[in-house]
Amino acid sequence: MSQTAEDQKLTPAQASLLEQKYFAVVTTLMADGSPQSTVVWVDTDGENALFNTARGRLKTRNLERDPRISLAIVDHSEPYAKLIVIRGRAELIDDGADANIDKLAKKYIGQDVYPWRQPNEQRVIVKIHAEKITGPME
């Protein structure tokens with residue numbers, strides 16, 4: 001997926017929130033249009049929100065059919081002041097996904113290697129091209 005003129009980038013303050021050890025809730029759309037939400041580990045490339053999942057899971061099947069997505073993350077110490085909601089379109093990226101899930105395992109559970117990898121599992125990075133970002137802009 002290429003960047004469009006409408007794509008919004010995270011501010012440094014927003015990217016900093018995504019670098020913290022907070023969980024995010026990602027919502028994709030089922031075939032009937034109903035929402036499907038999942039708690040995920042979150043990451044950033046400094047400008048976009050990222051998370052990691054495996055090919056074949058419900059999230060990836062939904063995104064392959066309809067790339068519309070939203071992600072919400074909250075700083076629990078200031079939940080009304082530090083809340084980010086991102087709406088946009090997902091890009092599925094295979095390159096670097098194994099290293100990324102290991103990076104997230106280190107961040108979230110202190111382990112160098114993601115311990116729940118399944119045989120023949122194909123990891124994928126989901127990059128959110130934001131069309132709308134709501135939250136602290138500083």
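Everything numeric here is computed off the predicted structure, so don't read it as measured data.
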Looking only at side chains, do Asp75 and Gln20 share a donor and an acceptor under 3.5 Å apart? no
Nearest-0.5 Å distance that lies between atom CZ in Arg55 and atom CD in Glu121: 12.5 Å
Connected via hydrophobic side-chain network under 4.5 Å: Val113 and Leu104: no
Output the distance between atom CG (Asn100) and atom NZ (Lys127), rounded to the nearest 0.5 Å. 12.0 Å
Check this for me: does any side-chain nitrogen of one of Arg117 and Asp102 sit under 4.0 Å from a carboxylate oxygen of the other? yes
Euclidean distance, Asn62 CG relative to Thr28 OG1, rounded to 0.5 Å: 3.5 Å
Any chance you could lay out the side-chain contact (heavy atoms from CB on, under 4.5 Å) test for Leu50 and Asp45, step after step, and finish with the verdict? CA-CA 7 Å; Leu50 312 171; Asp45 61 8; 4.1 Å; yes
Cut-off 3.5 Å, side chains only: do Arg123 and Asn52 have a donor facing an acceptor? yes
Roughly how far, to the nearest 0.5 Å, is CD of Glu131 from CD of Gln8? 9.0 Å
hydrophobic_cluster_shared for Leu63 and Val39, side chain cutoff 4.5 Å: yes
Atom of Val25, atom of Ser37 and distance for their closest heavy-atom approach: CG1-CB, 3.9 Å
Short side-chain to backbone donor-acceptor contact, Lys82 and Ile73, under 3.5 Å: no
Decide, yes or no, whether a salt bridge links Glu64 with Lys59 under the criterion of side-chain N to carboxylate O below 4.0 Å. no
Do Tyr114 and Phe23 land in one hydrophobic cluster if side-chain heavy atoms of ILVMFWY residues count as linked below 4.5 Å? yes
In the hydrophobic clustering (ILVMFWY, side-chain contacts below 4.5 Å, transitive), which residues join Leu83, or is it alone? Val74, Val85
Residues Pro35 and Thr27: closest non-hydrogen pair is CB-CG2, 3.7 Å
For the residue pair Trp41 and Tyr108, categorise the inter-ring angle as parallel (less than 30°), tilted (30 to 60°) or perpendicular (more than 60°). parallel
Just by distance, no angles: are the side chains of Gln36 and Thr38 close enough, under 3.5 Å, to form a donor-acceptor pair? yes
Do Leu17 and Tyr22 have side chains that get closer than 4.5 Å, going by heavy atoms? yes
Would you compute the distance between atom NZ of Lys132 and atom OG1 of Thr134 and round it to the nearest 0.5 angstrom? 4.5 Å
Would a distance-only check, ignoring hydrogens and angles, find a side-chain to backbone donor-acceptor pair under 3.5 Å from Gln118 to Trp116? yes
Would Ile69 and Ile86 count as a side-chain contact (heavy atoms from CB on, under 4.5 Å) here? Give the steps. CA-CA 8 Å; Ile69 189 168; Ile86 302 168; over 6 Å; no
Side chains of Thr53 and Thr60: any donor to acceptor distance under 3.5 Å? no
Checking side-chain contact (heavy atoms from CB on, under 4.5 Å) against Val126, which of Ile93, Leu92, Val26, Val40 comes through? Leu92
Write down the atom of Gly46, the atom of Ala15, and the distance for their closest heavy-atom approach. O-CB, 3.8 Å
Would Arg89 and Glu91 pass as an ion pair if we require N to O under 4.0 Å? no
Partners of Asp112 by salt bridge (Lys or Arg N to Asp or Glu O under 4.0 Å), sequence neighbours excluded? Lys106
Intermediate values then yes/no, side-chain contact (heavy atoms from CB on, under 4.5 Å), Asp43 and Lys103: CA-CA 9 Å; Asp43 196 8; Lys103 174 187 171 189; 3.2 Å; yes
Mind checking whether Ile109 and Leu18 sit in one hydrophobic cluster, side chains of I, L, V, M, F, W, Y counted as touching below 4.5 Å? yes
Enter the distance from Ile128:CD1 to Arg87:CZ here, rounded to the nearest 0.5 Å. 12.5 Å
